[in-house]
**Student:** 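Have a look at the structure that comes next, please.
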Amino acid sequence: MSVPEYIELEGGDHLPRVGFGTWQAPPDVLEKAVEAALEAGYRHFDSARAYENEDALGRALNRWIGGDPAKRKKLFVVTKLPPSGNRPESVEEYFEASRRDLGLDYIDMYLIHVPFAFEHVPGDLHPKNPDGSMKMDHSTDLVGVWKKLLKLKESGRVRHVGVSNMNEEQLSRLCAVEKPACLQVEVHVLCQQKQLIAAANRLGIPIVAYSPLGSKELADALAAKTGRDYPNLLELPTVLKIAKAHSRTPAQVLLRYLLQHGVACIPKSTSPSRIKENISLWDFELTKNEMQELAALDRGENGRICDFAFFVGAEKHPEFPFKK
Ligand code: A2P
């Protein structure tokens, strides 16, 4: 089964199906990793205001662009409106801060990061109450925010707008105004999001998988906090067996599985050899049987890692997207 390397977007733009994830990469480490990623052939870079490292990504990208508009056009740069900017009147300010830190005239895709909102506290993207819970803003007007993103697109400062971490009902609500250009959600073998992906397919919205390898740093941090067991995806016996059969690595099997499912992915790595490995996915193919074996690993909602439990109080927000 051949997998196209790009998702075709409105206006003839191409979104590479393998992008480079930047979550949880400290700025100085990220800058070097982005250089390695450009060298390895990545052209899709996924970022977010909330990751607090857009400036490092911007520096590495701009060095590569070297002021050449033709090179800029080869890149597809994604960033996201943080939860603290989830109000129609805050969109402009937060978007401009991202554009400034990335050092780019235009952004290829801007996403609403999450459907819930934090209070706007200058200089603090993750404002907390004294008890450690988040300062939540329950007045969120998701459709109003979406309309503001569409205005940004009209202005030409962003070429495409989409969403992340939304559920089916929220997607339908936004689609009534205009269809998002993509939905970025957690997808991997333990959390395959079958129902949500089927809904997005019906709506014609492409899926981009975050945490495609199981975000080990996050899983370890959550395990330490909650005592919950998060299996290492890279050590699952089925994955190891299939990797051996193809003389590939477990990470390549996990990523190829998503691609053959029609899902784009944004693996994160700061190691040059793993960065290379994660984009070398086009010269092997999983069999129908292997695809079925991997499909059987799904744990549904129990397989979700990024459930936002680290944002204490978010689960009480009226737009909290996941089942409680
Ligand atoms: P590192 O940055 O040291 O390579 P995800 O993309 O699901 O968020 O997963 C990221 C995690 O997976 C990071 O801990 C990253 O570590 C690790 N990782 C990325 N690529 C590979 C790979 N090819 N093999 C093993 N671990 C990987």
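Everything quoted here is computed from the prediction, not taken from an experiment.
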**Student:** Pick one: which of Val263, Val187, Ile207 meets side chain to side chain contact (heavy atoms under 4.5 Å, CB included) with Gln193?
**Tutor:**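 Of the listed residues Val263, Val187, Ile207, the side chain to side chain contact (heavy atoms under 4.5 Å, CB included) partner of Gln193 is Val187.
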
**Student:** If we count only N and O atoms by modelled type, under 3.5 Å, do the side chains of Tyr110 and His160 hold a donor and an acceptor together?
**Tutor:**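 No, no side-chain donor-acceptor contact under 3.5 Å.
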
**Student:** Check this for me: does any side-chain nitrogen of one of Glu290 and Arg256 sit under 4.0 Å from a carboxylate oxygen of the other?
**Tutor:**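 No salt bridge links Glu290 with Arg256.
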
**Student:** Taking atom types as modelled and ignoring hydrogens, do the side chains of Asn289 and Thr287 form a donor-acceptor contact shorter than 3.5 angstrom?
**Tutor:**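 No donor-acceptor contact under 3.5 Å links the two side chains.
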
**Student:** Do the charged groups of Glu178 and Lys153 touch, with an N to O distance under 4.0 Å?
**Tutor:**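 Yes, this pair counts.
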
**Student:** If we ignore angles and hydrogens, is there a donor and acceptor under 3.5 Å between the side chains of Glu54 and Ser98?
**Tutor:**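 Result is yes, a qualifying pair exists.
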
**Student:** Under 3.5 Å, side chain of Lys268 to main-chain N/O of Ser215, donor-acceptor pair present?
**Tutor:**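 A pair under 3.5 Å: no.
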
**Student:** Check for me whether Arg304 meets the cation-pi criterion with Phe322, that is, NZ or CZ under 6.0 Å from the six-membered ring centre and within 45 degrees of the ring axis.
**Tutor:**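 Arg304 over Phe322 ring: yes.
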
**Student:** Would you call Lys241-Glu293 a salt bridge at under 4.0 Å N-O?
**Tutor:**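 Counted as a salt bridge, because a side-chain N and a carboxylate O are separated by less than 4.0 Å.
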
**Student:** If the threshold is 4.0 Å, N to carboxylate O, is there a salt bridge linking Glu10 and Arg159?
**Tutor:**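 Here Glu10 does not pair with Arg159 in a salt bridge, since their nearest N and O are not under 4.0 Å apart.
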
**Student:** Relative to each other, are the rings of Phe118 and Phe116 parallel, tilted or perpendicular (30° and 60° limits)?
**Tutor:**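 Because their plane-to-plane angle lies in the 30° to 60° range, the rings of Phe118 and Phe116 count as tilted.
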
**Student:** For the pair Phe45 and Tyr42, name the ring-plane relationship: parallel under 30°, tilted 30 to 60°, perpendicular over 60°.
**Tutor:**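 It falls in the tilted class, 30° to 60°.
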
